[in-house]
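Each remark here refers to the structure printed beneath this line.
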Amino acid sequence: MAPPTGPPLYTQVENALAGRLGVDLHPGDRLPTEDELIKQFGVSRITVRRAIQNLVSRRLVVTKQGRGTYVATPRIIQPLTALTGFVEDMRSQGLHTRARVLRIEDRAAEPEVRTALELPLGASVTRIDRVRLAAGVPVSFDRTYLPSDLGRLVAQDDLENEPIFALLEQRHGTPLVEASYALQASTADKSIADALDIPEGSAVFRIERTSYTTGDRPVDYEVLHYRGDAITFTTRLPRAATAPEGEQ
């Protein structure tokens, strides 16, 4: 390990192990034993135990009495306070991410897509289907629709490693200003279940999101399906104004 001039040794061990999650350690995998970690990192037992405790507190691993420590299925707490993308959300929680591209195609826009993107009858869109993974676990099945002129540019990018929000803003001159969300409890049909590696009929969050650029122009319409066992959405709302007593 590095000399003690930077972060504490237990933090260095913690970060090194967290960086392996989803790379060579996946949910259900057993972490090396304390003795193996002591030898691997050249640190004390108390340092290893502190690092593991921190990973447990972050819900990245679970300890099973007498059996060892195992990689946990990610349980993500997602605040709904601002427009953010999947990669930003996962990185804020220290989770390694990647995407698996299932389909990219140009097609006629369905009525609901035309409405969301404010496109004329007969307009075409680019549809992009991806599975988003955090710590190696499929967490979200994303279906993205972009106006075809913009979608064809994005389709040429590295969509397995570059998030669409970043591509729109940093490469294709399309700043994202705000978005509308609609959340609904749902269950996974066969295609979604296969994509997320969960049983058909499992609980999922279905989210429709339309993102707008400057001039209140919709440029990105998505239908997202998040695993119900992997994410919790949170928000904080002010109390609505109430009528004075006697007027209710």
Side-chain angles (χ1 to χ4, degrees), residues 21-24 26-28 73-74 76 78 84-91 95-114 116-117 119 123-172 174 176 179 181-211 218-231:
L21 303 183
V23 180
D24 63 344
H26 302 284
T73 297
I76 301 151
Q78 176 59 54
T84 55
F86 182 86
V87 172
E88 296 166 297
D89 297 334
M90 299 305 109
R91 285 179 178 169
L95 297 175
H96 174 79
T97 67
R98 62 185 177 92
R100 185 185 306 138
V101 178
L102 304 181
R103 174 183 296 183
I104 301 176
E105 65 176 2
D106 284 337
R107 56 188 292 148
E110 296 93 334
E112 64 273 17
V113 178
R114 287 203 320 271
L117 293 176
L119 297 173
S124 64
V125 291
T126 301
R127 173 178 138 181
I128 302 169
D129 291 357
R130 293 170 300 162
V131 176
R132 315 298 295 277
L133 298 97
V137 177
V139 171
S140 176
F141 172 68
D142 297 4
R143 178 162 291 162
T144 301
Y145 298 90
L146 302 166
S148 57
D149 57 341
L150 189 58
R152 288 167 185 161
L153 296 174
V154 171
Q156 298 176 48
D157 296 314
D158 181 6
L159 294 175
E160 295 207 344
N161 297 297
E162 298 179 282
I164 289 178
F165 276 13
L167 292 169
L168 291 174
E169 295 186 314
Q170 299 170 18
R171 189 169 301 167
H172 301 302
T174 308
L176 299 175
Y181 283 73
L183 287 76
Q184 179 182 3
S186 186
T187 55
D189 62 21
K190 187 176 187 310
S191 62
I192 294 169
D194 289 347
L196 295 177
D197 193 23
I198 56 178
E200 187 174 352
S202 295
V204 293
F205 285 106
R206 183 183 188 275
I207 301 175
E208 291 186 46
R209 179 171 66 189
T210 304
S211 300
V219 292
D220 180 299
Y221 171 64
E222 299 166 286
V223 181
L224 316 173
H225 289 88
Y226 279 86
R227 287 178 54 157
D229 65 346
I231 193 161

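None of Leu117, Leu150, Leu146 except one satisfies the side-chain contact (heavy atoms from CB on, under 4.5 Å) rule with Val125; the exception is Leu117.
Of all non-hydrogen atoms in Arg132 and Asp142, the two that sit nearest each other are NH1-OD2, 3.1 Å. Here the closest non-hydrogen pair linking Pro138 and Asp197 is CG-CB, 4.3 Å. The two residues Arg100 and Leu133 come nearest to each other via the heavy atoms NH2-CD2, 3.7 Å. Nearest approach of Pro218 to Ala116, heavy atoms of both residues: CB-O, 3.4 Å. Nearest heavy atom pair, residue Leu196 against residue Arg227, reads O-NH1, 3.5 Å. Taking each heavy atom of Leu153 and Asp149 in turn, the nearest pair found is CG-O, 3.6 Å.
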Give the table of side-chain donor-acceptor pairs shorter than 3.5 Å for residues 163-172, with sequence neighbours excluded, one pair per line with atom names and distance.
unit_1	atom_1	unit_2	atom_2	d
Glu169	OE2	Leu176	N	3.0
Arg171	NH1	Asp157	OD1	2.9
Arg171	NH1	Glu162	OE1	3.4
Arg171	NH1	Glu162	OE2	3.4
Arg171	NH2	Glu162	OE2	2.6
His172	NE2	Asp157	OD2	2.8

side-chain contact (heavy atoms from CB on, under 4.5 Å) evaluation trace for Ser124 with Arg152: CA-CA 11 Å; Ser124 64; Arg152 288 167 185 161; 4.0 Å; yes
Steps toward side-chain contact (heavy atoms from CB on, under 4.5 Å) verdict (Leu224, Arg206): CA-CA 6 Å; Leu224 316 173; Arg206 183 183 188 275; over 6 Å; no
Criterion side chain to side chain donor-acceptor pair (under 3.5 Å) on Asp106 and Ser148, from CA distance to verdict: CA-CA 7 Å; Asp106 284 337; Ser148 57; over 6 Å; no
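Put simply, the side chain of Val204 reaches to within 4.5 Å of the side chain of Ile198, judged on heavy atoms. Ile128 has its side chain out of reach of Arg103: every pair of non-hydrogen atoms, C-beta onward, lies at least 4.5 Å apart. Between Tyr145 and Glu110, some side-chain heavy-atom pair lies under the 4.5 Å cut-off. The shortest distance between side-chain heavy atoms of Thr144 and Val154 does not fall below 4.5 Å.
Salt bridge status for Glu200 with Lys190: absent, with no side-chain N to carboxylate O gap under 4.0 Å.
From Ser191, atom OG reaches atom CZ of Arg143 across 6.5 Å, with rounding to the nearest 0.5 Å. Note that the OG atom of Ser202 and the CG atom of Asp189 stand 11.5 Å from one another [nearest 0.5 Å]. Atoms OG1 and CZ, on Thr126 and Arg107 in that order, are 11.0 Å from each other to the nearest 0.5 Å. With rounding to the nearest 0.5 Å, the separation of CZ in Arg130 from CZ in Phe141 is 10.5 Å.
For Phe86, there are no ring-ring contact (aromatic ring centres under 6.0 Å, His included) partners, not counting sequence neighbours.
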